[in-house]
There are 2 protein chains.
Amino acid sequence: MLRVSKLTDYATVILTHIAHQPDELHAASDITQATGVALPTVSKVLKFLSKANILTSHRGSKGGYALANKPNETNVAEVITAIEGPIGMTECTTSEGTCEQESSCEIKGNWNLINRAVYTALEAVTLADMVAPVRQQAVNVVMPRTKETNELKVES
Amino acid sequence: MLRVSKLTDYATVILTHIAHQPDELHAASDITQATGVALPTVSKVLKFLSKANILTSHRGSKGGYALANKPNETNVAEVITAIEGPIGMTECTTSEGTCEQESSCEIKGNWNLINRAVYTALEAVTLADMVAPVRQQAVNVVMPRTKETNELKVES
DNA sequence: CTTATATAGGACTATTTTAGTACTATATAA
DNA sequence: TTATATAGTACTAAAATAGTCCTATATAAG
């Protein structure tokens, strides 16, 4: 499937809601009402986002959460990482030494390449994009190749 | 984490091995020896790949598996789909009607956008790339935006 | 025709991950 | 001082994944 967890999905819904009024404090209970996501779940997601400095939190009466940065300064890759941990398509990407074949693995480098491509795609979409209505039908993602050998292009 | 399953990882290892000798038949037992992946697991992966027409199979004595197409004609997106089913970052992408919030969801369209970006990145990497040694340090993935509004760019 | 070999398909179990909940502690405004 | 809201942690239930096994079928070779 290659999908994000439900919590990450909720996170985008919640963040999109908050981004509509970026200057107000939003309590967990308010967000539950607005989004339809159960309170304990909303609470859990908000804690993750706060810990990752995507949201700022204010305790006590009249407290709540607000965006730590402008909507266009938080991207989807950050949100996924906040909820699920580091993005990596294979085990060896996020935790070295757990794969028995690691030493003899020929394709680890290529997975890193794929990781970076996916990460870049996710990084390019911000909360500001999520708030905006969808107007586009396609996204043009280019994996450049050298003309001579048709290999994936080098770039440092 | 956003990762592919272990079986998918095995699939790329196995396919890379086969792609080294694209004209020979490879039995499951041979692949076990070459890759170090347990036989029942190898067998399972090969069946998935065969069913998805990424590999052709030949039964009986001296049988085995071979690539159905040239290495540069099979990409990573196909491999992931063969093992895990359709690629979709959220539930609503692959199976409509299972999300209670679907009717009022504002960001579904944006997830589709992200999906397409990720899919395109995965589609751009083929078995031929996996066989080749890694020479590149980065991949340049571009999500184009309009100059005027800085919105993600329209393209049909 | 028989046998050895290899894939096809399905069922099953154990493990791991994820989702969801609950409880206690702490901070703050009124 | 009290009501309110987040912080942190631990726990339980559900779902997805990994891995194994068994039976059926096809094919090459003797």
Side-chain angles (χ1 to χ4, degrees), chain A residues 1-11 13-14 18 24-33 36-66 68 80 82-85 88 90-91 94-95 98-100, chain B residues 1-11 13-14 18 24-33 35-66 68 80 82-86 88 90-91 94-95 98-100:
Chain A
M1 292 185 287
L2 187 71
R3 61 170 51 162
V4 297
S5 71
K6 281 195 183 182
L7 284 187
T8 301
D9 197 0
Y10 296 152
V13 171
I14 290 169
I18 294 177
E24 292 178 23
L25 279 183
H26 300 260
S29 55
D30 298 339
I31 295 172
T32 292
Q33 282 212 314
V37 180
L39 179 58
T41 305
V42 167
S43 182
K44 189 175 188 174
V45 169
L46 289 169
K47 286 174 198 169
F48 275 124
L49 295 173
S50 175
K51 200 163 190 177
N53 295 316
I54 291 173
L55 295 176
T56 57
S57 66
H58 299 269
R59 289 188 175 189
S61 185
K62 311 255 169 162
Y65 296 88
I80 294 174
I83 306 290
E84 306 182 23
T90 54
E91 199 169 330
T94 49
S95 45
T98 55
C99 172
E100 294 177 13
Chain B
M1 290 185 287
L2 188 70
R3 62 171 49 162
V4 297
S5 71
K6 282 193 181 183
L7 285 187
T8 302
D9 197 358
Y10 297 152
V13 171
I14 290 168
I18 294 178
E24 292 177 24
L25 279 183
H26 300 260
S29 55
D30 298 339
I31 294 173
T32 292
Q33 282 212 315
T35 60
V37 180
L39 179 57
T41 305
V42 168
S43 182
K44 189 174 187 173
V45 170
L46 289 170
K47 286 172 197 171
F48 275 125
L49 296 174
S50 174
K51 201 163 190 175
N53 295 316
I54 291 173
L55 295 176
T56 56
S57 65
H58 300 268
R59 289 188 176 188
S61 184
K62 311 254 169 163
Y65 295 88
I80 294 174
I83 306 289
E84 306 182 22
T90 54
E91 199 170 329
T94 48
S95 44
T98 56
C99 172
E100 294 178 11

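None of the values given here were measured: they were computed from a predicted structure. To find a chain, count down the sequence lines: A is the first, B the second, and so on, and within it residues start at 1.
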**OP:** Identify, with sequence neighbours excluded, every residue that meets side-chain contact (heavy atoms from CB on, under 4.5 Å) alongside Ser57(B).
**Re:** Ser50(B), Tyr65(B)
Subject >> Side-chain heavy atoms of Lys44(B) within contact of Leu7(B), under 4.5 Å >> reply: yes
**OP:** Convert the base pairs of DNA chain C into dot-bracket notation, remembering that pairs crossing earlier ones are written with [ ] and that bases paired across to another strand are shown as |; include only Watson-Crick or G-U pairs under 3.5 Å.
**Re:** ||||||||||||||||||||||||||||||
Taking only nitrogen or oxygen atoms into account, show me every contact under 3.5 Å that the protein makes with nucleotides 3-5 of chain D, one pair per line with its distance.
from: dT4(D); atom 1: O2; to: Ser61(A); atom 2: N; distance (Å): 3.2
from: dA5(D); atom 1: O4'; to: Gly60(A); atom 2: O; distance (Å): 3.1

Original post:
Rounded to whole angstrom units, what separation is found between the CG atom of Leu49(A) and the P atom of dG8(D)?
Top reply: 13 Å
**OP:** Just compare dG10(C), dA8(C), dA19(C) and give me whichever is closest to any side-chain atom of Ser57(B).
**Re:** dA8(C)
Original post:
At what distance, to the nearest 0.5 angstrom, does CD1 of Ile31(A) lie from CD1 of Ile18(A)?
Top reply: 4.0 Å
**OP:** Would you mind reading off the distance between Glu84(B) atom CD and dA15(D) atom P, rounded to a whole angstrom?
**Re:** 20 Å
Original post:
How close or far is atom P of dA16(D) from atom NZ of Lys6(B), stated in whole angstroms?
Top reply: 19 Å
Original post:
Sequence neighbours excluded, which residues qualify as side-chain contact (heavy atoms from CB on, under 4.5 Å) partners of Ala68(A)?
Top reply: Thr56(A)
**OP:** May I ask you to check whether Ser5(A) and Thr8(A) show a side-chain donor-acceptor distance below 3.5 Å?
**Re:** yes
Original post:
Can you name the one residue among Val13(A), Thr32(A), Asp30(A) that meets side-chain contact (heavy atoms from CB on, under 4.5 Å) with Val42(A)?
Top reply: Thr32(A)
Subject >> Between P of dT7(C) and CG of Leu55(B), the distance in whole Å >> reply: 11 Å
Original post:
Which whole-number value in Å describes the distance from Arg3(A) CZ to dA16(D) P?
Top reply: 8 Å
Original post:
Given the rule in the side chain to side chain contact (heavy atoms under 4.5 Å, CB included) test, do Glu84(A) and Val4(A) qualify, once you have shown the distances and angles that lead to the verdict?
Top reply: CA-CA 8 Å; Glu84(A) 306 182 23; Val4(A) 297; 3.4 Å; yes
Subject >> Spacing between Glu91(B) atom CD and dA14(D) atom P, to the nearest angstrom >> reply: 17 Å
Original post:
Is any side-chain nitrogen or oxygen of Ser5(B) closer than 4.0 Å to OP1 or OP2 of dA16(D)?
Top reply: no
Original post:
Does some side-chain heavy atom of Ser43(A) sit less than 4.5 Å from a side-chain heavy atom of Lys47(A)?
Top reply: yes
**OP:** Tell me which residues in residues 38-48 of chain A put a heavy atom below 4.0 Å from DNA chain D, sorted by number, or none.
**Re:** Lys47(A)
Original post:
Under a 4.5 Å cut-off applied to non-hydrogen side-chain atoms, are Asp9(B) and Glu91(A) in contact?
Top reply: no
**OP:** Apply side-chain contact (heavy atoms from CB on, under 4.5 Å) to Thr94(B) and list each qualifying residue two or more places apart in sequence or on a separate chain.
**Re:** Arg3(A), Pro86(B)
Original post:
Say you draw a straight line from CZ of Phe48(A) to CD1 of Ile54(A); how long is it, rounded to the nearest 0.5 Å?
Top reply: 11.5 Å
